[in-house]
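Got a structure for you, written out below as structure tokens; questions coming shortly.
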Protein chains: 2
Amino acid sequence: MTRPTIDDIARRAGVSKSAVSFALNGRPGVSPATRDRILAAASEMNWRPHKAARALSGARSDAVGLVVARPAQTIGAEPFFGLLLAGLQAGLSARSIALHLMIVEDTAAEIEVYRRWTSERHVDGFVLVDLQHRDKRVPVLEELGVPAVVIGGPGGHGTLPSLWADDREAMLSLVDYLAALGHRRIAHVAGDEAFHHTRRRIRALKDAARRLDLVDAVSVPTDFSDAQGASATRALLSSPNRPSALIFDSDVMAVAGLAVAAEMGVAVPAGLSVVSFEDSLLTRIVHPAITALGRDTFALGGQVAAMLLAAIDEPGSVRDVQGATPRLTVRESTRAPYTEQGA
Amino acid sequence: MTRPTIDDIARRAGVSKSAVSFALNGRPGVSPATRDRILAAASEMNWRPHKAARALSGARSDAVGLVVARPAQTIGAEPFFGLLLAGLQAGLSARSIALHLMIVEDTAAEIEVYRRWTSERHVDGFVLVDLQHRDKRVPVLEELGVPAVVIGGPGGHGTLPSLWADDREAMLSLVDYLAALGHRRIAHVAGDEAFHHTRRRIRALKDAARRLDLVDAVSVPTDFSDAQGASATRALLSSPNRPSALIFDSDVMAVAGLAVAAEMGVAVPAGLSVVSFEDSLLTRIVHPAITALGRDTFALGGQVAAMLLAAIDEPGSVRDVQGATPRLTVRESTRAPYTEQGA
DNA sequence: GAGTTTTACTAAACCGCTCTAGTGAAACGG
DNA sequence: CCGTTTCACTAGAGCGGTTTAGTAAAACTC
């Protein structure tokens, strides 16, 4: 028993192939009665469109691509990633659009995939993550003329629509909070300076430090790994002017930093306040639970999906969108600094 | 300038369409000289096959599907997932096979996707994860006659080939180790009893307890969430006959359990040994680092990819494969129990 | 009620590739 | 040297849809 084609339906309903196509796609040109007959036949025979056949006739491929250039370890480790994926999925599956995932070594390979998938008509559009400073992928996607949505910004994403969060505002509110608690020495275990958002956060911290008259406000760049997060923390906690509060750019690094504090006998939050710029299960399950800036990554994925679908339906129609500004969830890892407390 | 088709190449090389198809697919029927001429023309024109057109002519769709019925939270939280994904990718991309990812609500929806994607010829095969007791998905995939590889087992996967790890052996070695350290009261914060591997582990613990004459060997089933992991731990640590060692079925629960111990003032490893059945970044970055059974999930993904590709190439040719038995990595969370130590 | 428009439907081309059947020429066999 | 096999290649029919052009009948128009 082979799968039914529209020809089979046509025969069964006693009409032509074209009539079936019209009926199944809700196009005019068939009477209501005939349409019902055709639809009934189709559902009786359990017909499903053959994606490839549809795609061949110039239609959509009904899939979007997500290509990520990150080491496998990172993909597994960062809850951000899985949540984004799940959110994207949820947004896409409602219209039964598939997500093609590809994990590659580096940006060059990533660009190669964009080229290939576009020319093979493999996907209808792309989601671009990890926006970098002077990102090489942006001009390629622009040149290919394929719909794409950038997560990140603002700025640096050319003419591609972007969904961005106000990293600057988030950092300022974070520092305000720590300063209000009485912290004067705040250090920042940052991410990779190649990333756009890392730069914005570093700059924001500098500005806030000047405004609030903080004693110290160092940003230490890392590659986002737990190893570098840990060693940056170790270095900062070993300095004679040990900071009383640490801001970590990722949840993974925050947890790693917490472990370093424990290992060095620095009590959190009594002797050190810890804040994460990224919230997730991780920050909640450790002890003490970490105060963190949270954004709804799952919802973010859904928003991106919606933007991309709109961009595919009507290229050029989608403008930049500002996502929700991350909100601070205070947990057990922050407190007024020990020294000021007595004052 | 529109994308070139094999017709364009044929014209340029002065041959027929069919000759081009033969040449590009390495099929016999063209002389070496002509073949070279055709390949040269194709690469000059930067030709790429149109996937849909290929798929339409009965060929493969060059994609495999991974459908997961789990809450979004879990996907993000468990490093296992991302690593598996990355490993699968690596194994597939070598032959430029795409991975279609779909995250759904429940098993019924998952089955629906299997049906749809198969009849739409959307993918050439599936990877099935989270094998359950009397899994309903297995008979469906068998009925559909689509190539599929199951992660999990042994047993319960019908005629589908499976890649399984020896959970029983792993549990036995774990308990042996704890018993050798002197632990007599061992408790097990298990996963979901609906899962095949959870049942095997519970049974293995019971057997080991009998053999080693352990005082106590309770298994507490959970839904794998950090919340249930934490509350199970809380209950176990509150009991009058508090266990001296806890085995957690997942890294997330182990970390959550560690936090509960800290919160209850139970020192790890002095007052309690903690072991995780799953290793990942999580178990390494917390303090104290958790002793864990590790398997190379990335490699596992690659192995599954290879099996699936073989099953697609030659249905029925793939047999069950036993994956590497997880090995114990001892870290800081295990030690001889306090009371026995003095004896 | 003749001319025009609309409606409901069909035939067939087309998308880009694969693959079978067929063809003419060269190579082989005895 | 003629019949057979092999070789290199071509023509053209699909694959399962979409879509355009065309047609016959029904519905309007005045």
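In what follows, every chain begins at residue 1, and chains take the letters A, B, ... in the order their sequences are listed.
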- Task: For A19(B) and for A53(B), find the nucleotide of DNA chain D with the closest heavy atom, then tell me which residue's nucleotide is more 5'.
- Result: A19(B)

- Message: Ignoring hydrogens and geometry beyond distance, is the side chain of S18(B) in donor-acceptor contact with the base of dA11(D) at under 3.5 Å?
- Response: yes

- Message: Test side-chain contact (heavy atoms from CB on, under 4.5 Å) on V104(A) and V68(A); report intermediate values, then the result.
- Response: CA-CA 6 Å; V104(A) 295; V68(A) 190; over 6 Å; no

- Message: Let's test your reading of the model: under 3.5 Å, does the base of dG17(D) pair with the side chain of K17(A) as donor and acceptor?
- Response: yes

- Using atom types as modelled and distance alone, determine if a side-chain donor or acceptor of Q89(A) lies under 3.5 Å from a backbone N or O of L101(B). yes

- Roughly, in whole Å, what's the span from CD in E120(A) to P in dC17(C)? 11 Å

- So, D62(B) side chain and I97(B) main chain: donor-acceptor pair closer than 3.5 Å or not? no

- Has S57(B) got a side-chain N or O lying under 4.0 Å from the OP1 or OP2 atom of dC15(D)? no

- Using only side-chain N and O atoms of R27(B), determine if any of them is under 4.0 Å from OP1 or OP2 of dT18(C). no

- Give the nucleotide from the list dT18(C), dC9(C), dT10(D) with an atom nearest to the side chain of V30(A). dC9(C)

- Message: With a 4.0 Å cutoff (strictly under), does any side-chain N or O of S31(B) reach OP1 or OP2 of dC9(D)?
- Response: yes

- Task: Between R54(A) and R37(B), name the one whose nearest nucleotide on DNA chain D is closer to the 5' end.
- Result: R37(B)

- Below 3.5 Å, does any donor atom in the side chain of T5(A) face an acceptor in the base of dG17(D), or the other way round? no

- Task: Check for a donor-acceptor pair, side chain of S317(B) on one end and backbone N or O of E314(B) on the other, with a separation under 3.5 Å.
- Result: yes

